[in-house]
Number of protein chains: 2
Amino acid sequence: MNIYDVSKQAGVSIATVSRVINGNPNVSDRTRKKVLAVMEELGYTPNVFARGLGLNTMKTIGIMCSDASDLYLANAISYLERELRANEYDAILCCTGYNLENKKKYLELLLSKRVDGVIMAGSKFIESTREDNEYILNAARQVPVMLVNGRLEGKNIYSILCDDYTAVYQAVTKLIRSGRRRILYLYTSVSYSGNNKRRGYQNASMDAGLGNLENMIYQCPKDIAYSRDLLSDLYRQGLKFDAVMTSDDTLAVGALKFAASAGLKVPEDLSIIGYNNSLLSRASEPELTSVDTKIEALCTTTISTLMSVFNGGKNVPNWITISAELIKRYTTDF
Amino acid sequence: MNIYDVSKQAGVSIATVSRVINGNPNVSDRTRKKVLAVMEELGYTPNVFARGLGLNTMKTIGIMCSDASDLYLANAISYLERELRANEYDAILCCTGYNLENKKKYLELLLSKRVDGVIMAGSKFIESTREDNEYILNAARQVPVMLVNGRLEGKNIYSILCDDYTAVYQAVTKLIRSGRRRILYLYTSVSYSGNNKRRGYQNASMDAGLGNLENMIYQCPKDIAYSRDLLSDLYRQGLKFDAVMTSDDTLAVGALKFAASAGLKVPEDLSIIGYNNSLLSRASEPELTSVDTKIEALCTTTISTLMSVFNGGKNVPNWITISAELIKRYTTDF
DNA sequence: TTGTAAGCGTTATCAC
DNA sequence: GTGATAACGCTTACAA
């Protein structure tokens, strides 16, 4: 069942059938209807491989993410896929993990599959040295590369991010204004986004005259139990703190568990702010005040930008920032 | 840059180059090395579209899921993708939502993309009438269809599921043995898996001489607040219950919130059991006793089964069941 | 508006 | 072992 069968049955040439398939206007209505009818009758479906060969594209985008089961990334994937499909693109999913060599390998793999573009979801794809980011710059020579919540300058590379700096700055400022003085900052990892959050924390406390609080900053694996135990340890060691700002809801839930175990009241004795406004922020008790990082807006913007690139749009911005929003719940008293 | 360029440069025919690419043993070591060297030198990558055209496959599997941001499905997707990639298959992700027409449309779409197989992740693809499942039977005429946690009999259809019946039966039996008599059952939706859970609940209470408890069974949207409010309403209306068995951790978290608001102690006044052993079961306070439904095992089994089908394996079972495991935490006192 | 024919870059079947 | 060469099913100039 191919284009020849259809053309024969419809009494036209394959070129005409092809025109009908591709919506070419240079076909008489009568012919178009006839061909369409035959296609329907024969249950004909164009062969996408042959099509890909001729057009050198299969309208497919590679989505790379470190871990599709991560709450934040799972949401991102869901939105990205929805938007891609709305634009008639398929999404090939590629979970890379966190190892650089694997990320390189998988990017190569996607390119060898001739995807029309690559989306890197999450901040874990940008390394600290220029050399280690070379693989992305190289990829961008072949197809547009979209960084959802990552930042890298380069031709054909587009960064769409949340304004994490301002988000944390404002959240911490609110904590300070509500009377908190010893605010702990817990973060999971260093990345462009991670650095911005940290800067937001430090600048907010500097601007409020509390110093940069270097000794109030702690890294912690993205794990509830780790976070809880880290805080318990610090508490036992005598560190005083009346608030915890985190870079992820997971850590905030850990802080909540620490508070419960230490007999601290939230938010009276300990205020806590989460990040990402994930499901966790509504599952915990009390529910977390958290920063909504606007994943959906990030994703829709990513895809619309990508489509602009495909449509040859001039002046497509390489760097788009979206504002976050602080969602107040019950772990803060402002 | 194509196979002709390589063949010219290497001084062999394209047939030989093709043989090298495809690991055909009928090539002398000397020639193979030569060709490999030229491919390397020229940075040649085979064109997957041409390849697909010739082989009529691009080693791609369509993964359908209702919602990639759902905790359970996000995990499933993550495992499925990992296993597919380990077998050198790509995964095209397709989030369908819950509407039947959309599910049909997307399945059609995937088939028109000539995927080599379709995986339906989650129990939401099987409808209650034979007629509404026809679209799956039809698809199975073209490619193998794998149902992860769904059940449908048919040629070329493979169901891999968790033994939900036994899981719930045993969990409820434990509740009864620990002294609970008025056990509420909260479930999110009817499906093959949903029915089995419900049967497990009913049979356990029947077998324990507590009757079938028809009036203790309630449906509730998969939402923390809904679950909390439903229980609050029932409680206010005077319904007595000393335990809640749920079909999903989300509902169990809602039960926890209800307990907190009603001043009920967990597990003393109210025992709660969640389902799926998701992140939520560790984020809540106290942490949920929950049924681990072995998603990973389900997914690895799904892919290994699919590979057996591709390899022409005879006697590939159409129905595989995996046992769940009850994870005891702090919302039960057994 | 329609048809002819030349690609597109492989794989696979023959010969040799 | 290796090389011609015919598929594979489409798109797209170029002609008519």
Side-chain angles (χ1 to χ4, degrees), chain A residues 1-39 42-60 88 90 109 111-116 142-143 310, chain B residues 1-40 42-60 88 90 109 111-116 142 310:
Chain A
M1 169 60 53
N2 58 28
I3 204 171
Y4 289 92
D5 300 325
V6 176
S7 78
K8 201 176 298 170
Q9 183 82 5
V12 297
S13 73
I14 58 162
T16 297
V17 178
S18 178
R19 287 190 192 98
V20 171
I21 293 170
N22 294 287
N24 186 315
N26 292 336
V27 183
S28 75
D29 238 41
R30 196 170 131 53
T31 313
R32 160 167 285 107
K33 285 218 179 73
K34 172 82 186 166
V35 171
L36 250 20
V38 171
M39 280 172 32
L42 267 49
Y44 164 79
T45 317
N47 181 306
V48 287
F49 304 143
R51 207 145 190 242
L53 185 56
L55 296 170
N56 203 31
T57 163
M58 288 224 329
K59 302 232 327 172
T60 301
E88 303 189 290
D90 285 325
L109 184 72
L111 293 177
S112 78
K113 297 290 166 82
R114 311 263 170 151
V115 293
D116 299 296
Q142 297 183 43
V143 296
F310 286 152
Chain B
M1 170 61 54
N2 59 28
I3 204 170
Y4 288 91
D5 300 323
V6 176
S7 79
K8 201 175 299 171
Q9 183 81 3
V12 297
S13 72
I14 60 161
T16 298
V17 178
S18 179
R19 287 189 191 99
V20 172
I21 294 170
N22 294 285
N24 186 316
N26 292 337
V27 184
S28 75
D29 238 39
R30 197 169 129 56
T31 313
R32 160 168 285 106
K33 285 217 180 72
K34 172 82 186 164
V35 172
L36 250 20
V38 170
M39 280 172 33
E40 172 79 8
L42 267 50
Y44 163 80
T45 316
N47 182 307
V48 288
F49 304 144
R51 211 148 191 238
L53 184 57
L55 296 170
N56 202 33
T57 163
M58 289 227 321
K59 300 232 329 175
T60 301
E88 303 188 290
D90 286 325
L109 185 71
L111 293 176
S112 78
K113 297 292 165 81
R114 299 280 213 275
V115 293
D116 300 296
Q142 298 183 44
F310 286 152

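Every chain is numbered from 1 and lettered A, B, ... according to where its sequence line falls, protein lines coming before strand lines.
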Find the distance between [atom1] ([X]) and [atom2] ([Y]) and round it off to the nearest 0.5 Å.
| X | Y | atom1 | atom2 | value |
| --- | --- | --- | --- | --- |
| B:Ser112 | B:Gln142 | OG | CD | 9.5 Å |
| B:Arg114 | A:Asn47 | CZ | CG | 4.5 Å |
| B:Lys34 | B:Gln9 | NZ | CD | 7.5 Å |
| A:Asn2 | A:Thr45 | CG | OG1 | 12.0 Å |
| A:Ile3 | A:Arg51 | CD1 | CZ | 9.0 Å |

Counting distance only, does the side-chain N/O of A:Asp116 pair as donor-acceptor with the main-chain N or O of A:Lys59 below 3.5 Å?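 Yes, because the side chain of A:Asp116 sits within donor-acceptor range (under 3.5 Å) of the backbone of A:Lys59.
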
Tell me every residue that passes side chain to side chain donor-acceptor pair (under 3.5 Å) with B:Asp5, counting only those two or more places apart in sequence or in another chain.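 Not a single residue meets the side chain to side chain donor-acceptor pair (under 3.5 Å) criterion with B:Asp5.
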
Quick one: label [X] by what it contacts on the DNA or RNA (base, sugar-phosphate, nothing), any heavy atom closer than 4.0 Å.
| X | answer |
| --- | --- |
| A:Asn2 | sugar-phosphate |
| A:Leu53 | base |
| B:Val12 | sugar-phosphate |
| A:Tyr4 | base |
| B:Asn56 | nothing |

Any side-chain heavy-atom pair from [X] and [Y] closer than 4.5 angstrom?
| X | Y | value |
| --- | --- | --- |
| B:Ile21 | B:Met39 | yes |
| A:Val20 | A:Val12 | no |
| A:Val48 | A:Met58 | yes |

Starting at atom [atom1] of [X], determine the distance to atom [atom2] of [N], rounded to an integer number of angstrom.
| X | N | atom1 | atom2 | answer |
| --- | --- | --- | --- | --- |
| B:Lys59 | C:dT11 | NZ | P | 13 Å |
| A:Lys34 | C:dT2 | NZ | C1' | 16 Å |
| A:Asn24 | C:dT1 | CG | P | 10 Å |
| A:Arg30 | C:dT1 | CZ | P | 14 Å |
| B:Phe49 | C:dT11 | CZ | C1' | 17 Å |
| A:Ile3 | C:dT4 | CD1 | C1' | 14 Å |
| B:Asn26 | C:dC16 | CG | P | 18 Å |

Do the side-chain N or O atoms of [X] get closer than 4.0 angstrom to the phosphate oxygens (OP1, OP2) of [N]?
| X | N | result |
| --- | --- | --- |
| A:Thr16 | C:dT1 | no |
| A:Arg19 | C:dT2 | no |
| B:Asn47 | C:dG9 | no |

Give the first and the last nucleotide of DNA chain D, reading 5' to 3', that has any atom under 4.0 Å from a heavy atom of chain B.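 Nucleotide range in contact with chain B: D:dG1 to D:dG9.
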
Return the 5'-most residue of the pair B:Arg114, B:Thr31 with respect to DNA chain D, ranking by each residue's nearest nucleotide.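 Checking each residue's closest nucleotide, the 5'-ward one belongs to B:Thr31.
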
Would you kindly compare A:Ile21 and B:Arg32 by the position of their nearest DNA chain D nucleotide and give the one closer to the 5′ end?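 Comparing both residues, the 5'-ward one is B:Arg32.
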
Taking five pairs at each end, how big is the angle between the two axes of the helix from C:dT1-D:dA16 to C:dC16-D:dG1, to 10°?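 Inter-axis angle at the ends, rounded: 30°.
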
